[in-house]
Amino acid sequence: MMLIKLLGIPEDVSADGYLVDHMLEFCHWFMLLLFVGWSCFFVYLLWRFRKSNNPVAQYHGFRSKATTHVEISVVLVEAVLLIGFALPLWAKAAGRIPTDGVLPVHVTAYQFGWLFHYAGEDGKFGRRDPSLVTGSNPLGIDWSDPDSKDDVVSMNTMHVPIGQKVVVRLTSKDVIHNFACMSLRVSRDAIPGLANPLWFTAVKEGEYDIMCGQLCGAGHSLMKGVLSVEPVDQFNTYIKTNKAAPTEQKTAVVP
């Protein structure tokens, strides 16, 4: 899309990102049309009611019905924008959480980084307990729980397989953050005590930026992560070779 490229928005690598791009492009073209139209109308009024042509003030103003037609047109276009674009996009992005064939990932934000928790090969997340949080166990995973034995925790790098829908449960350890990945066209707040869901399907291999979209403190600008979209075999190998056991925890120490 020409306008999306001109705006400098990163390439869309999400299966559903085109919906966001369509709405963004439509909104910008519509706003440009409004800007040009109302600017021309303003210049016309300056000329039409110039002092030399109207030495005596006309308090009744402009009596043409053209402005009414323009206002009705604007309302109709906004209705189309809302009903035809915004509501379908919202329904797709905020509808029923997918459950079939999805990869669940728990994402925890903190000042100033990201923790990505995978359930491992058994598909079951191990129990987490805040009282177990330490420098080497920042999520407080209970390693005595059998479901924890194959869990994987990654810091600041989110590994996902290409072509598979990923369902994220997003939360925060301290203040409100925001998980924003422009290449996926997703953004969702990470709020302490809540598990906000979001989902996406990455369709192009590569590494893409993850940012915090909410001002969260002095280190906000440094709160960056990487989305690594990998072939399925490579992702499965990563999960198998990074199983986190009590003495094998590969997660870096959280400052």
Side-chain angles (χ1 to χ4, degrees), residues 1-31 77-109 114 116-119 123 154 156-172 176-191 194-214 224-236 238-239:
M1 297 181 184
M2 180 181 66
L3 185 58
I4 295 298
K5 293 181 179 179
L6 291 176
L7 293 174
I9 298 176
E11 177 187 10
D12 171 31
V13 299
S14 171
D16 301 320
Y18 71 94
L19 293 170
V20 178
D21 287 353
H22 282 323
M23 188 173 71
L24 284 175
E25 183 149 354
F26 187 91
C27 284
H28 279 83
W29 282 118
F30 177 51
M31 294 306 297
V77 172
E78 290 181 345
V80 171
L81 181 64
L82 177 64
I83 300 173
F85 290 86
L87 289 180
L89 178 59
W90 176 84
K92 191 174 185 64
R96 181 173 297 178
I97 301 174
T99 56
D100 296 333
V102 302
L103 171 69
V105 183
H106 290 175
V107 179
T108 302
W114 304 94
F116 303 99
H117 183 192
Y118 301 86
S154 173
N156 293 330
T157 300
M158 184 179 187
H159 299 266
V160 300
I162 187 171
Q164 182 175 3
K165 189 172 290 293
V166 178
V167 175
V168 172
R169 295 287 184 173
L170 185 63
T171 190
S172 169
I176 296 177
H177 300 276
N178 178 278
F179 179 92
C181 183
M182 291 298 294
S183 296
L184 292 175
R185 305 297 193 264
V186 295
S187 176
R188 190 65 53 89
D189 281 347
I191 303 174
L194 296 179
N196 274 346
L198 67 88
W199 50 91
F200 59 84
T201 304
V203 295
K204 185 174 181 179
E205 294 179 21
E207 293 188 347
Y208 308 96
D209 292 333
I210 296 173
M211 301 172 291
C212 178
Q214 181 72 260
K224 299 178 180 179
V226 175
L227 173 74
S228 177
V229 183
E230 306 164 350
V232 176
D233 292 343
Q234 181 178 332
F235 173 78
N236 291 337
Y238 168 78
I239 294 297

A side-chain contact here means heavy atoms from C-beta on lying under 4.5 Å apart; do [X] and [Y] qualify?
{"X": "C181", "Y": "F200", "answer": "no"}
{"X": "L227", "Y": "S183", "answer": "no"}
{"X": "L82", "Y": "L87", "answer": "yes"}
{"X": "H117", "Y": "R169", "answer": "no"}

Got a second to check how far [X]'s [atom1] is from [Y]'s [atom2], nearest 0.5 Å?
{"X": "W199", "Y": "I97", "atom1": "CH2", "atom2": "CD1", "answer": "5.5 Å"}
{"X": "H28", "Y": "M23", "atom1": "NE2", "atom2": "CE", "answer": "10.5 Å"}
{"X": "E78", "Y": "F30", "atom1": "CD", "atom2": "CZ", "answer": "5.0 Å"}

For the student: nearest non-hydrogen atoms of [X] and [Y], plus distance:
{"X": "I9", "Y": "M182", "answer": "CG2-CE, 4.0 Å"}
{"X": "P231", "Y": "I162", "answer": "CA-CG2, 4.1 Å"}
{"X": "A202", "Y": "V160", "answer": "CB-CG2, 4.5 Å"}
{"X": "V107", "Y": "V168", "answer": "CG2-CG1, 3.4 Å"}
{"X": "S172", "Y": "A190", "answer": "CB-O, 3.6 Å"}
{"X": "L170", "Y": "D189", "answer": "CD2-O, 3.6 Å"}

ring-ring contact (aromatic ring centres under 6.0 Å, His included) partners for F179, two or more places apart
W114
Side chain to side chain contact (heavy atoms under 4.5 Å, CB included) with D12: which of D21, L184, V20?
D21
Side chain R188, main chain P197, donor-acceptor under 3.5 Å:
yes
Sequence-distant partners of [X], side-chain hydrogen bond (donor to acceptor under 3.5 Å, both in side chains), two or more places apart:
{"X": "T171", "answer": "none"}
{"X": "S187", "answer": "N178"}
{"X": "H159", "answer": "E230"}

Please enumerate all residues that pass salt bridge (charged side-chain N to carboxylate O under 4.0 Å, His left out) together with E11, with sequence neighbours excluded.
K204
Side chain to side chain contact (heavy atoms under 4.5 Å, CB included), that's the test. Do I210 and F116 meet it? Break it down for me.
CA-CA 12 Å; I210 296 173; F116 303 99; 4.1 Å; yes
Partner residues of L19 under the side chain to side chain contact (heavy atoms under 4.5 Å, CB included) criterion, sequence neighbours left out:
L89, K92
